[in-house]
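Counting starts at 1 for both ligands and their atoms, following the listed order.
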Amino acid sequence: MKKSVLSILLAGLTLNVQASEPHPANLEARSIVKEFGGQLQPALQAAMKAGGPVAAIDVCQTKAPAIAKDLSAKHAWNVNRVSLKPRGATATPDAWETATLKWFDEQIAAGVDPKTLEKFEIVKADGAETIRYMKPVMTAGLCLTCHGSEQQIPAPVKAKLAEVYPNDTAIGYQEGNVRGAFSFQKAAQ
Ligand code: HEC
């Protein structure tokens, strides 16, 4: 009798632990975020320090897509960055990404800690299942040179941005705004 009560309790406990444990693909996506940020952030900082913001634009333009491509190949996920005000060639969000970016904005406005904010969903469409993941990218002080207000962006940076990104919309941000998001997807097995 005692034993069976204990085993029922243990079975309940196991179920509970399983329910609160994130999906393996969710954990995978979190680690790809770390890898992406861990490569891009130091590259940007080093480029800013070495050549200033105008030179660093080139790094953002070539390095960020290159890292995304490497990580896509390495992890068999489609790895990208998107924004409601896109700059890069692949940064325009689809419907699911647009809804998620808007939800991130609402969550941040409601005081949610961006560190804990993410979206993981298995999306069904046309009989296929896609695993989708997004994690917000927050605007820091360092970002304002290239993503801040008209006044905050130095004239040479403005000129270079206009030359490389004639349709740029990625300005007017303040520290603490959601600048965009990492967005990853892969087919569900
Ligand atoms: C030296 C200028 C510069 C600085 C500083 C900078 N960025 Fe960018 N950012 C860019 C450029 C250029 C792109 C477009 C890259 C491309 O072509 O894919 C970009 C693209 C992005 C994107 C992808 C979405 C989009 O709109 O293309 C995100 C997200 C982003 N930046 C976040 C940040 C954050 C967060 C910071 C601060 C930590 C930052 N950036 C600092 C120049 C900069």
Side chains of residues 122-130: which donor-acceptor partners sit under 3.5 Å, not counting sequence neighbours?
none

Contact between K158 and E150 at the side-chain level, heavy atoms closer than 4.5 Å - yes or no? yes
Remaining members of I153's ILVMFWY cluster at a side-chain heavy-atom cut-off under 4.5 Å? V54, I57, V157, L161, V164, Y165, I171
How long is the gap from CD on E28 to NE2 on H75, to the nearest 0.5 Å? 8.0 Å
Give every pair formed by an N or O atom of ligand 1 and a protein N or O atom closer than 3.5 Å, one pair per line with both atom names and the distance to 0.1 Å, or write none.
{"unit_1": "ligand 1", "atom_1": "7 (N)", "unit_2": "H147", "atom_2": "NE2", "d": "2.9"}
{"unit_1": "ligand 1", "atom_1": "9 (N)", "unit_2": "H147", "atom_2": "NE2", "d": "3.0"}
{"unit_1": "ligand 1", "atom_1": "17 (O)", "unit_2": "Y165", "atom_2": "OH", "d": "2.6"}
{"unit_1": "ligand 1", "atom_1": "26 (O)", "unit_2": "R87", "atom_2": "N", "d": "2.9"}
{"unit_1": "ligand 1", "atom_1": "26 (O)", "unit_2": "R179", "atom_2": "NH1", "d": "3.2"}
{"unit_1": "ligand 1", "atom_1": "26 (O)", "unit_2": "R179", "atom_2": "NH2", "d": "2.8"}
{"unit_1": "ligand 1", "atom_1": "27 (O)", "unit_2": "R87", "atom_2": "N", "d": "3.4"}
{"unit_1": "ligand 1", "atom_1": "27 (O)", "unit_2": "G88", "atom_2": "N", "d": "2.7"}
{"unit_1": "ligand 1", "atom_1": "31 (N)", "unit_2": "H147", "atom_2": "NE2", "d": "3.1"}
{"unit_1": "ligand 1", "atom_1": "31 (N)", "unit_2": "R179", "atom_2": "NH1", "d": "3.3"}
{"unit_1": "ligand 1", "atom_1": "40 (N)", "unit_2": "H147", "atom_2": "NE2", "d": "3.0"}

Mind checking ring pair (Phe, Tyr, Trp, His ring centres under 6.0 Å) for H23 and listing every partner two or more places apart, or none if nothing turns up? F120
For F184 and V33: C-alpha separation, side-chain torsions, deciding distance, then whether side-chain contact (heavy atoms from CB on, under 4.5 Å) applies. CA-CA 9 Å; F184 310 154; V33 165; 3.6 Å; yes
